[in-house]
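The block underneath contains the structure these notes are about, expressed in structure tokens.
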Amino acid sequence: MGIKVYNSLTRKKEDFVPTAEGRVLMYVCGPTVYALSHIGHARSAVSFDVIYKYLKYKGFKVKYARNYTDVDDKIINRANEEGVGAKDLAERYIKAFDEDMEALRVELPDIRPKATETIGRIIEVTEGLIKRGYAYELDGDVYYSVRLKKDYGKLSGKNIDELESGARVGVDERKKDPLDFALWKSSKPGEPSWDSPWGKGRPGWHIECSAMCMEWLGETIDIHGGGKDLIFPHHENEIAQSEAATGKTPYAKYWLHNGFVNIEREKMSKSLGNILNIRDVLKDHTSEAVRLFLLSSHYRSPIDYSKDSLKDAEAAMDRFYKTVQRIGAEYPDALKIEFCVPCIEDRFQPIFEAMDDDFNTAEVIGIIFKEVNRANRIMDEAKASGKPSGLVDLSCIIFVFREAGKFLGLFTRNPEEYFSEKNSRAALPPEEIERLIKERNDARKNKDFKKSDEIRDGLLQKGIVLEDSPKGTTWSVKG
RNA sequence: GGCGGCGUACCCAAGUGGCAAGGGAGCAGUCUGCAAAACUGCCAUCCAGCGGUUCGAAUCCGCUCGCCGCCUCCA
């Protein structure tokens, strides 16, 4: 069975068949680097990270590019406000974005082009469009003429005449058509600029992606991705200019768009002041819980960020690693498994089916937690019967976790590592907690349960939960 | 107004024609000094509402209601 993907272009789920067998060219629109990246950027990056990983896992040779838009009005404005150079500002936020991605365990794409490093190709494509009559120059600006291709609007399902009637008046009287968009903008003094046949200037937004695609991947690619909001006008314009420039259709065979992240039921927006930066989220939650949250719904659905949903994700993550920790303690040999053909053929089948169906990570996570439950049950039953059976099943479960982890980017760490990240946020220093645990256990030995309970309750109030076991007392940070 | 999407238990969320995954919360039990964790049981005869197609629908079709996104920079 092959992979099916929902294609925004046809509004249908289709069999995924790359143009060249076994090889996938994939481009995803990256951030405009003028501010810290927010949770919405994280969702896009994580969604396509999983798609990238899964395609590779299934044996495709994938070439994946994600760009940085590092020249643009917003960057220039912000740089002017701060009194720094546009390039310095962009570099600063590229670095910040990369750090956020690393924290979320998003794998680096094979190619990470910058608009400013693709100027040559941008100019070349723009010239080509003028030559073919699809673009025209006006005093150092170059515009793409939207009217000339009959299929303009095919991605977003929009009709030029209707767009026309709703278009803002007087935006630029010189344009042949209000919907025409800039391929090249002449620069004002002090703005970043490059020499071009039309004088000093800089690229428009849409053209850079087309040019970067051509430069690094080719004239026709298999997957083009980005957030839903990019469908119009960005991706619509990309299609128009790329197909006009190359004469080849389609520019991209499959268009994949991820849904939005809402904050407490509201859209993130500057006016509402509810933009949630990735690093602020990571202050309150482990990176893996954030990733689990993002992958717990299908990538095309909107998701709602709330304190509760993140708490849920964190509780689920704790449950997972607690179980792995227990397997490690009770069946250390289970962790030694390297490869298991029957596991792949048997238990892993539903996971493949879910992933093949338009990358249904939510379904996969459901299956993983069923396995978590199974593992605990096996261990409980073995304990109850006094027979330490179950090694084979538990090995298989560990193997399933590891394999799924390869493309989910979840469930892959040592429990110790996971809990140490989590416990580093404890309200008390670990030494202090250990001291109190010892004090409490001394009290317990003396049957002074009043005192021992007081200590435990005191720690709980600070968000620290104690667990007693025959092997001793462990602590963890709650929620 | 145009285009697109969504509405599944207390909350989150899969399921898109054949008896409603999973997580969290809650309740009861086992375990425990008591807890916590884990396990077991309970928790949607029903999938916004109303019609229709079908042997059979949460899943397909129509209508109604409610919510959301895009149409302007935006992941």
Side-chain angles (χ1 to χ4, degrees), chain A residues 8 11 13 28-32 34 37-48 72-74 77 153 155-159 161-163 165-168 171 205 225-234 236 257-262 265-270 275 292-293 296-298 300-304 306 308-320 322-323 325-326 350 354 357 360-373 375-381 383-384 444 447-450 452-453 456-457 460 465-470 473-476 478-479:
Chain A
S8 303
R11 297 182 190 83
K13 247 183 226 176
V28 173
C29 289
T32 300
Y34 72 105
S37 298
H38 55 66
I39 188 75
H41 295 109
R43 185 180 196 194
S44 178
V46 167
S47 299
F48 288 104
D72 147 284
D73 289 345
K74 291 192 291 286
N77 292 341
L155 176 68
S156 55
K158 294 194 187 305
N159 171 306
D161 294 315
E162 279 162 4
L163 285 168
S165 61
R168 288 183 176 180
V171 187
W205 177 35
K228 268 200 163 89
D229 53 331
L230 295 180
I231 291 173
F232 188 87
H234 184 54
E236 195 67 74
H257 292 100
N258 64 274
F260 268 31
V261 181
N262 295 128
R265 315 275 312 152
E266 277 182 318
K267 184 183 167 171
M268 259 194 284
S269 76
K270 263 178 234 149
I275 305 272
L292 180 72
F293 162 71
S296 290
S297 357
H298 187 93
R300 281 190 283 115
S301 313
I303 46 175
D304 192 47
S306 68
D308 282 350
S309 51
L310 262 287
K311 241 175 69 189
D312 284 1
E314 201 146 327
M317 228 45 258
D318 286 0
R319 177 170 156 80
F320 175 82
K322 228 168 242 173
T323 303
Q325 199 167 41
R326 183 178 171 197
D357 183 11
N360 193 339
T361 54
E363 171 86 24
V364 176
I365 287 164
I367 295 167
I368 293 294
F369 279 96
K370 246 189 264 179
E371 294 294 304
V372 167
N373 174 272
N376 280 309
R377 198 170 51 232
I378 289 167
M379 290 186 282
D380 276 12
E381 278 167 8
K383 197 177 270 177
R444 288 173 73 209
K447 307 259 186 238
D448 184 356
F449 296 121
K450 186 169 174 292
S452 75
D453 288 353
R456 186 173 64 200
D457 293 345
L460 185 61
V465 186
L466 299 189
E467 284 180 38
D468 298 324
S469 81
T473 302
T474 58
W475 63 275
S476 60
K478 192 176 71 174

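Computed from a predicted model, the values in this text were never measured in an experiment. Throughout, a chain's letter reflects where its sequence line sits, starting with A, and its residues are numbered from 1.
- Put simply, CG on A:D229 is 18 Å from P on B:G4, counting in whole angstrom units.
- Taking only distance into account, the side chain of A:N159 never meets the base of B:G2 through a donor-acceptor pair shorter than 3.5 Å.
- Stacking is found between A:F260 and the pyrimidine-like six-membered ring of the B:A75 base under the 5.5 Å centre-distance and 30° plane-angle cut-offs.
- Side chain of A:A362, nearest nucleotide from B:A13, B:G23, B:A75: B:A13.
- Pairing for B:A38 goes to B:U30, judged as Watson-Crick or G-U wobble with the two contacts each under 3.5 Å.
- Nucleotide B:A25 is matched to nothing when pairs are restricted to Watson-Crick or G-U wobble geometry with both distances under 3.5 angstrom.
- In this model, the phosphate group of B:A37 is not approached by any side-chain N or O of A:N376 to a distance below 4.0 Å at OP1 or OP2.
- Side-chain contact between A:R444 and A:T473 is present, with heavy atoms from C-beta onward closer than 4.5 Å.
- If you check every strand for non-hydrogen atoms under 4.0 Å, A:G153 touches nothing.
- In this structure, A:L230 places its CG atom 16 Å from P of B:G69, rounding to the nearest Å.
- Pairing for B:A20 is absent, with no Watson-Crick or G-U wobble pair whose two atom distances lie under 3.5 Å.
- Nucleic acid contact class of A:N360 (heavy atoms, under 4.0 Å, all strands): sugar-phosphate only.
- Taking atom CD1 of A:I303 as the reference point, atom C1' of B:A14 lies 15 Å away to the nearest angstrom.
- Using a 4.0 Å cut-off, no side-chain N or O of A:N262 falls inside it from OP1 or OP2 of B:C68.
- Taking only side-chain nitrogens and oxygens, A:S296 never comes nearer than 4.0 Å to OP1 or OP2 of B:G24.
- Checked for salt-bridge contact, A:K383 and A:D380 miss the test: no charged N lies under 4.0 Å from a carboxylate O.
- A:N258 has its CG atom 12 Å from the C1' atom of B:C74, to the nearest Å.
- Take the nearest nucleotide of RNA chain B for A:T323 and for A:F293: the residue whose nucleotide is more 5' is A:F293.
- The residue A:R11 sits close only to the backbone: its heavy atoms come under 4.0 Å of sugar-phosphate atoms, none of a base.
- Counting heavy atoms from C-beta outward, A:N373 and A:R319 have side chains that approach closer than 4.5 Å.
- In this structure, A:M268 atom CE and B:A75 atom P are separated by 10 Å, rounded to whole Å.
- For A:R300, no side-chain nitrogen or oxygen approaches OP1 or OP2 of B:G5 to under 4.0 Å.
- Here B:G69 presents its C1' atom at 15 Å from CZ of A:F232, a figure rounded to the nearest Å.
- Remark: the A:R265 side chain and the B:C67 base include no donor-acceptor N/O pair separated by less than 3.5 Å.
- For B:G33, the base is stacked against the aromatic ring of A:F449, per a cut-off of 5.5 Å between centres and 30° between planes.
- Within 4.0 Å of A:K74, counting heavy atoms only, lie sugar-phosphate atoms of the nucleic acid but no base atom.
- Across all strands shown, B:U45 remains unpaired; no Watson-Crick or G-U wobble contact has both distances below 3.5 Å.
- Residues A:H298 and A:L466 both approach RNA chain B. Their nearest nucleotides, taken by heavy-atom distance, put A:H298 toward the 5′ side.
- Taking the C1' atoms as reference points, B:C55 lies 33 Å from B:C43, given to the whole Å.
- At B:C74, one or more side-chain N or O atoms of A:W205 fall inside 4.0 Å of OP1 or OP2 (strictly under the cut-off).
- Using a 30° and 60° split on the angle between ring planes, A:F320 and A:F369 fall in the perpendicular class, above 60°.
- With C1' as the reference atom, B:A20 and B:G5 are 23 Å apart, rounded to whole Å.
- Across all their heavy atoms, A:F260 and A:K267 have their closest contact at CE2-CE, 3.6 Å.
- Atom CD in A:E381 sits about 13 Å away from atom C1' in B:U30, given to the nearest Å.
- With hydrogens and angles ignored, no donor-acceptor pair closer than 3.5 Å exists between the side chain of A:R43 and the base of B:A75.
- The heavy-atom pair separating A:A362 from A:S296 by the smallest distance is CB-O, 3.2 Å.
- At the heavy-atom level, A:V261 lies under 4.0 Å from base atoms of the strands shown.
- Here, B:G17 and B:C61 have their P atoms 11 Å apart, quoted to the whole Å.
- A:D468 contributes a side-chain N or O that forms a donor-acceptor pair with the base of B:C34 under 3.5 Å.
- Using a 4.0 Å heavy-atom criterion, one finds that A:G227 contacts the sugar-phosphate atoms exclusively.
- Rounded to whole Å, the distance from NZ on A:K228 to P on B:C3 is 18 Å.
- For A:R326, no side-chain nitrogen or oxygen approaches OP1 or OP2 of B:A37 to under 4.0 Å.
- Taking a pair to require two hydrogen-bonding distances under 3.5 Å in either a Watson-Crick or a G-U wobble arrangement, B:C6 pairs with B:G66.
- Pairing for B:C73 is absent, judged as Watson-Crick or G-U wobble with the two contacts each under 3.5 Å.
- In this structure, B:U53 makes no Watson-Crick or G-U wobble pair, since no nucleotide meets both defining distances under 3.5 angstrom.
- Across all strands, A:S452 comes closer than 4.0 Å to base atoms (heavy-atom distances).
- Without hydrogens or angle criteria, A:R11 side chain to A:L155 main chain gives a donor-acceptor distance under 3.5 Å.
- Here the separation of B:G18 from B:G29, taken at their C1' atoms, is 36 Å to the nearest Å.
- Taking both residues in full, the closest heavy atoms of A:K74 and A:T32 are given as CE-CG2, 4.3 Å, listed atom of the first, atom of the second, then distance.
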